[in-house]
Amino acid sequence: MKQGAIRILQQEMDAAGKYTGPIDGDLNATLDTAVAQLIDARPAELHGTPTGWSTARKRVAAFQLVCKDAEFDPGPADGLWGSLTESAYADFRFFKNTGERPLNFRDIVPLNSNPNGWPTDRPGQAELFDFFDFNPNRGGEPATKIVRVPWTMKLDWDRSAKTSKIGCHPKLAESLERVLTKIADRYDDAARRDMGLDIYGGCKAVRKKRGGSTWSTHSFAAAIDFDPSRNKLNWGWDKARLARADCLDFWTFWEQEGWVSLGRERNFDWMHVQAIKLP
């Protein structure tokens, strides 16, 4: 059983007055006694008969019961750590760390609008080459236009450097200005810092997609990254900062303009937003 799950079990049983030992994520005899008493007190809620269950299995069953009490679904309280219990643990851990119930990726419904006619990243990428009038296969750099950001950002790769400008493709500039204005109106400085919107991960970068053979949307100066350190490429909704509920309006502003969040669409790369549609 994971140390984080043990800590949650200790916390919840302590709050219920059923455990008096340390809350440190470590196993101890006091916890095992409290677990045995919890199992004995709630046999009707268990899936199976706990007679003959090992101490380790009883701990898992007790954790499943406290998950149910907190309305995080671990599946049947059978003392077996499966995918549902793992999911409940991730949700419970997120709640403990943030004080918020996670916005489950399965519940996310991105807006599917395209008022600006952004191109789609199809095989071959000819549509992108045509729309942006730039083919990275031939070398060179895409055209860019400076857009002023209504707040100051630190560069992710050099936190001592600051900027209030984003150089994006000229066809995106007016849309980007509208989105940034809405973000500035909706979130104050403190909220933007908490969300990581003051950490700029870049826009233009002519390169192939990580782990792929086609060109990154950054190659066309058509994608922007925010706070990469807290929204790592392979992190899902349970870890990424920009997947939290307080970011819903942030993403809505982008999607109203047809921009795409890979996090909200595919549950990875939550730092990233692009003015290129997915196929």
Ion pair E255/R264, N-O distance below 4.0 Å: yes

Candidate pair H272 and I224, rule side-chain contact (heavy atoms from CB on, under 4.5 Å), full reasoning: CA-CA 6 Å; H272 178 99; I224 302 167; over 6 Å; no

Donor-acceptor contact below 3.5 Å, side chain Q125 vs main chain T214: no

Side chains of R241 and D246 in contact at under 4.5 Å (non-hydrogen atoms): yes

Worked verdict on S229 versus R159 for side-chain contact (heavy atoms from CB on, under 4.5 Å): CA-CA 12 Å; S229 298; R159 298 295 177 93; 3.6 Å; yes

Stacked cation flag R192 on Y187, 6.0 angstrom / 45 deg: no

Side chain to side chain contact (heavy atoms under 4.5 Å, CB included), paired with Q3, selected from D26, I8, L27: D26

Gap between atom CD of E71 and atom CG of D73 - 0.5 Å precision: 10.5 Å

Any donor-acceptor pair under 3.5 Å from Q64 side chain to G79 backbone: yes

Path from F253 to I108 over hydrophobic side-chain contacts below 4.5 Å: yes

H169 and F220 aromatic centres sub-6.0 Å: no

Short N-O contact, D91 and R101, less than 4.0 angstrom: no

D249/R186 salt bridge by N-O under 4.0 Å criterion: yes

Pair D69 + R42: basic N to acidic O under 4.0 Å: yes

Within 45° cone and under 6.0 Å: K209 NZ/CZ vs W215 ring: no

Intermediate values then yes/no, side-chain contact (heavy atoms from CB on, under 4.5 Å), R59 and I6: CA-CA 8 Å; R59 289 188 204 112; I6 295 170; 5.7 Å; no

Neighbour count >12 (heavy atoms, 6.0 Å) for atom CD, E45: yes

W118 (side chain) donor-acceptor with N114 (main chain) under 3.5 angstrom: no

Side-chain heavy atoms of L46 within contact of D78, under 4.5 Å: no

Single-linkage hydrophobic cluster V273~L248, side-chain heavy atoms < 4.5 angstrom: yes

Nearest-0.5 Å distance, OG1 of residue T144 to CD1 of residue I166: 12.0 Å

Nearest-0.5 Å distance that lies between atom CG in L38 and atom CG in L65: 5.5 Å

Backbone of S83 reached by a side-chain donor or acceptor of S87 within 3.5 Å: no

Aromatic ring proximity F94/Y89, centre distance under 6.0 Å: no

Check ion pair D227-R230 (N to O, under 4.0 angstrom): yes

Single-linkage hydrophobic cluster, 4.5 Å side-chain cutoff, W81 and L31 together: yes

H218-D225 side chain donor-acceptor pair, cut-off 3.5 Å: yes

Rounded distance [0.5 Å steps], CG in L180 versus CG in L197: 10.0 Å

From CA spacing to verdict: side-chain contact (heavy atoms from CB on, under 4.5 Å), T85, F63: CA-CA 9 Å; T85 302; F63 178 73; 4.2 Å; yes

NZ/NE/NH1/NH2 to OD/OE distance under 4.0 Å, E86 and K2: yes

Test item: side-chain donor near acceptor, W259 and N116, under 3.5 Å: no

Rounded distance [0.5 Å steps], CZ in F132 versus OG1 in T217: 8.5 Å

Any donor-acceptor pair under 3.5 Å from T163 side chain to K165 backbone: yes

K96 bridged to E12 by N-O distance under 4.0 Å: yes

Cationic tip of R244 above F250 ring, under 6.0 Å, 45° of axis: no

Heavy-atom neighbours of K182 NZ exceed 12 at 6.0 Å: yes

Distance, nearest 0.5 Å, that separates CD of E141 from OG of S219: 9.0 Å

Any residue meeting side chain to side chain contact (heavy atoms under 4.5 Å, CB included) with F268, in chain and number order, not counting sequence neighbours: L233, L262, R266

